[in-house]
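Accompanying notes for the structure given below.
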Amino acid sequence: MLLIDCPCCGLRPETEFRCGGQAHVARPEKPVDVGDQDWSEYLFVRANPRGVHAERWIHQHGCGRWFNALRDTVSDRFVETYPMGGKPKSTTTEARA
Amino acid sequence: MLDDSLYARRVSPLDGAAKPASLPGGVTVRQLKPEARFSLRVKAGAPADAAGFALDQKINSIVVRGGRWSARLGPDEWLIGGPEADAQLIAEEVEATLRDRPHSLVSVSHRNVSLEISGANAAIALNAGCPLDLSDAAFPAGSATRTLLGKCEIVLIRAGAEPSYRVEVWRSFSTYAHGFLVEAAFGLQNAA
Ligand SMILES: [Zn+2]
């Protein structure tokens with residue numbers, strides 16, 4: 001079974017987790033100043049890379065906490081996990097391992 | 001706080017259905033008697049006490065003192081239990097020490113049903129539906145965590161070193177969880 005490294009709990013089985021989509025999508029400060037095109041992109045358009053991707057995950061059946069993770073979408077390998085509001089040590093453009 | 005004198009009579013969904021039974025593999029599954037339980041949510045921060053337990057206990061650990069216990073399930077979440085007669089007292093003690101901090105204290109006594117599974121092969125039976133590593137190294141005495149059992153969520157508690165686990169499960173899932181453990185124990189027929 002794939003183990004995911006929760007920042008609170010350490011290595012835990014993947015069935016306890018849920019994925020919450022792409023991480024670091026910031027809501028525009030003043031939505032009223034954002035055009036329709038940009039707003040719809042903020043709402044609906046997400047990256048879908050073949051390789052390392054920054055995602056939000058929640059330890060649903062554990063500590064119940066959200067955190068961020070870099071995951072390789074090809075191998076399903078977790079490169080690293082880091083707390084909400086934090087920055088990853090590796091970059092998302094890192095070559096696939 | 002809720003007026004405890006108005007509590008309804010407790011009827012467990014397992015009453016009558018779940019007789020304590022010794023199963024193959026030397027495993028025993030039984031329902032524990034009703035207890036008071038509280039879900040406490042408060043932002044970790046300045047050291048404080050809640051019902052006699054320091055809030056800075058390790059995440060996913062349980063502390064037992066007297067008849068009471070406190071399991072820290074996450075950075076800001078505790079499950080506190082004790083004798084049913086102490087319910088009002090526990091609530092008042094938490095209120096007294098956390099008065100100045102935003103917090104929520106919810107009685108979940110009636111929501112939860114406690115099961116106990118014990119015996120040398122108890123961990124093997126649990127692992128039929130619980131994906132956690134239950135070896136002594138990974139889940140030693142004093143561990144407590146929310147996790148899964150088959151298709152339902154449980155809080156799994158191992159207070160002591162003996163192979164005895166407490167399963168806290170929501171009452172509507174309790175017949176499922178109990179049946180799951182009994183059936184898993186029957187699968188141990190050849191392991192014993
Ligand atoms: Zn966790």
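Minimum heavy-atom separation, B:G74 to A:C63: CA-CB, 3.9 Å. Taking each heavy atom of B:R146 and A:R12 in turn, the nearest pair found is O-NH2, 3.0 Å.
A side chain to side chain contact (heavy atoms under 4.5 Å, CB included) with A:H61 is found for one member of B:L148, B:I154, B:T147 and no other, namely B:L148.
Enclosure of atom CG in A:D33 by more than 12 non-hydrogen atoms of other residues, nucleotides or ligands within 6.0 angstrom is indicated. Counting heavy-atom neighbours within 6.0 Å of A:E80 CD, excluding the residue itself, gives a total above 12. Few gaps surround CH2 on A:W66; more than 12 heavy atoms of other groups in view lie less than 6.0 Å from it.
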Side-chain donor-acceptor pairs under 3.5 Å in residues 40-52 of chain B, sequence neighbours left out?
| residue | atom | partner | partner atom | Å |
| --- | --- | --- | --- | --- |
| B:R41 | NE | B:D76 | O | 3.3 |
| B:R41 | NH2 | B:D76 | OD1 | 3.1 |
| B:R41 | NH2 | B:D76 | OD2 | 3.4 |

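Each of A:I4 and B:F139 belongs to its own hydrophobic cluster when Ile, Leu, Val, Met, Phe, Trp and Tyr are linked at side-chain heavy-atom distances under 4.5 angstrom.
At a 4.5 Å heavy-atom cutoff, the contact between B:L73 and chain A is made by backbone atoms alone. Interface remark: B:T145 contributes side-chain atoms only to the contact with chain A (heavy atom separation under 4.5 Å).
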For side-chain contact (heavy atoms from CB on, under 4.5 Å), just list the numbers for B:I59 and A:R65, CA-CA rounded to whole Å, side-chain angles, deciding distance to a tenth of an Å, and then say yes or no. CA-CA 12 Å; B:I59 295 177; A:R65 278 295 154 144; over 6 Å; no
